[in-house]
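This report concerns only the one structure given below.
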Amino acid sequence: MGSEGQQLHIFIFPLMASGHLLPAVDIAKLFAEKGVRVSIITTAGEEPAIEASFCRSSEAGRRVRTLLVEWSSSAIGLPDSLSSVKTLDMHMDFLMRTSALRPSFERLVKDHHPAAIVTDSFYPWTAEVAEEVGIPRLVFDGSSFFTLCLSDKINLSTDTQESSADSGDRIVIPGIPHRIELIRSQLFDAKKMRPDFPDVFMKMKEAEGRSYGTVVNSFYELEPDYADHYRNVIGRKAWHIGPVFLRNEDAADNAMRGSRTTLEQTRCLTWLDSKAERSVLYVCFGSLSRFTETQLREIAGGLESSGHPFIWVVKNAGQGNSSGQWLPESFEERVVDSGTGMIIRGWAPQVLILNHVAVGGFLTHCGWNSSLESVAAGLPVVTWPIFADQFFNERLLVDLLKVGVDIGVKTNALGELERETVKAEEIAAAVGRLMGDSPEAEERRSRARELKAAARWAMEEGGSSYNDLARLIQELWEKQSAASHART
Ligand code: UDP
């Protein structure tokens with residue numbers, strides 16, 4: 001570690017979307033606990049939520065602060081956070097114009113002289129900023145090694161040609177450690193989002209290639225073949241330091257994750273306390289996914305007829321052009337008032353719920369954070385991916401880790417109108433397979449329990465993620481001291 005009086009100071013600059021911001025805050029805590037000073041770079045809109053995540057009375061908490069960036073005048077009108085974006089168009093504007101944050105970010109780097117920057121893959125221009133001032137840039141994109149490897153084999157601009165969801169057009173991903181098969185329409189098609197969106201991905205890939213390395217929220221034992229493949233075959237430097245949220249053993253920290261209030265916490269936990277062990281299904285589709293009213297009604301019907309108690313988190317109920325008819329007739333009286341199901345409209349304390357002893361399964365959209373949170377909670381899952389890398393995570397959970405029941409979604413699309421409707425019968429059947437007591441269901445549970453133990457061990461002193469973080473910090477110290485010798 002550094003000599004007395006010296007400090008290691010890094011910037012962490014996540015994308016302003018829950019799936020990127022929440023793990024970045026946890027990463028900041030991990031670094032701070034090891035004596036590193038951390039500045040989280042964010043916007044004024046996100047700052048209060050980030051500030052609420054740090055206990056300033058602790059020594060580590062005092063090592064973290066926030067510094068603010070602003071959109072330059074060319075992008076005035078873009079919101080402060082991706083989670084608050086309501087339309088697909090604005091979502092795309094946000095992702096395609098992040099370079100409008102560059103002047104403001106550059107000023108911060110020049111004023112504060114961090115030893116390294118950890119920046120989101122959606123800020124490819126930060127690689128140039130790091131080169132200009134001669135410091136390492138580490139990439140954090142919030143995904144798994146598995147996704148990093150598969151994405152490397154798929155050229156987003158040419159491989160994902162037009163194909164209909166039911167064309168049966170299967171492809172096998174070439175050059176990776178296992179045979180992984182997807183349907184073409186399950187691949188993310190950047191072109192479909194906006195004709196020039198593939199250019200953004202090209203820039204991200206190019207910037208990743210010239211950056212110092214990649215920080216991955218995963219642990220070696222979860223995906224050893226892909227951790228090795230990424231490092232040894234693709235040839236990129238990487239550190240696995242997760243599951244990073246496991247450092248939040250404190251219930252208050254977990255309750256506040258991504259939320260500005262703890263209101264739902266008491267309601268949920270009291271309800272869960274009244275349920276039998278491993279009996280409840282938790283249903284949540286992350287922070288961004290929205291559904292049509294037709295789909296919401298099918299989900300309600302499927303959950304009711306599955307006969308298992310559930311907590312269902314609904315993000316867009318009653319919003320926009322919703323007529324309010326998104327629940328089947330008398331559903332609230334039959335299911336909610338009777339205590340069989342609970343609906344959370346808005347934000348749920350997900351990590352707390354997943355780790356409650358009454359929860360026995362998770363119907364998930366397979367966002368990487370949710371996937372890892374289910375693994376660390378030792379829960380089997382029903383997989384219902386929506387867009388982006390979620391279809392890769394589904395294959396990891398179902399084919400390789402063998403803890404998932406695939407519900408059978410075929411279309412990778414963020415827009416709710418572009419996706420096929422999953423019928424109530426299909427939902428009830430998948431939930432039945434997951435929560436039932438067949439030998440396959442028991443095997444899934446037993447594998448999930450093993451993964452939970454491995455995840456926890458990885459973060460303990462001497463565990464694989466613990467050691468990799470220590471190695472990374474040591475390397476950053478060495479780079480900082482080499483740079484300061486070169487200057488003197
Ligand atoms: N999350 C939560 N409450 C919610 C919805 C999401 O705490 O109601 C958290 C969840 O625990 C996870 C993150 O938000 O840490 C979502 O990230 P993920 O990668 O799963 O999905 P995304 O939102 O990026 O699609």
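Both ligands and their constituent atoms are indexed starting at 1 by order of listing. Residue indices begin at 1 and follow the sequence shown. Scope of the values below: all heavy atoms of this structure, side chains included, with no hydrogens, waters or symmetry mates.
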Under the side chain to side chain contact (heavy atoms under 4.5 Å, CB included) rule, collect the residues that match up with Ala430, sequence neighbours excluded. Val382, Val405, Ile407
Based purely on interatomic distance, does Ala348 place a nitrogen or oxygen under 3.5 Å from a nitrogen or oxygen of ligand 1? yes
Looking at the rings of Trp368 and Phe392, which for Trp means the six-membered one, are their centres under 6.0 Å apart? no
Does only the side chain of His20 get under 4.0 Å from ligand 1, or the backbone, or both, or neither? Count heavy atoms. neither
Which one holds for Asn369 and ligand 1: side chain close, backbone close, both close, or neither close, with close meaning a heavy atom under 4.0 Å? both
When rounded to the nearest 0.5 Å, the distance separating CD of Gln350 from OG of Ser287 is 9.5 Å
For Gly19, counting its heavy atoms only, list the atoms of ligand 1 lying under 4.0 Å from any of them. 17 (O), 24 (O)
Qualifying salt bridge (Lys or Arg N to Asp or Glu O under 4.0 Å) pairs with a residue from residues 275-286, counting only residues at least two apart or across chains: none
Give the atoms of ligand 1, by number and element, whose distance to some non-hydrogen atom of Trp368 is under 4.0 Å. 19 (O)
Just say parallel, tilted or perpendicular for the rings of Phe105 and Phe13, cut-offs at 30° and 60°. parallel
Of the backbone atoms (N, CA, C, O) and the side-chain heavy atoms from C-beta on, which set of Trp347 has a member under 4.0 Å from an atom of ligand 1: side chain, backbone, both, or neither? both
Would you say the rings of Phe201 and Phe197 are close, in the sense that their centroids are separated by under 6.0 Å? yes
At a 4.0 Å cut-off, with the gap strictly under it, does some heavy atom of His365 reach an atom of ligand 1? yes
Using a strict cut-off of 4.0 Å, indicate which atoms of ligand 1 neighbour a heavy atom of Val313. 8 (O)
Numbered atoms of ligand 1 (with element) below 4.0 Å of Leu22, judged on heavy atoms: 9 (C), 13 (C), 14 (O), 15 (O)
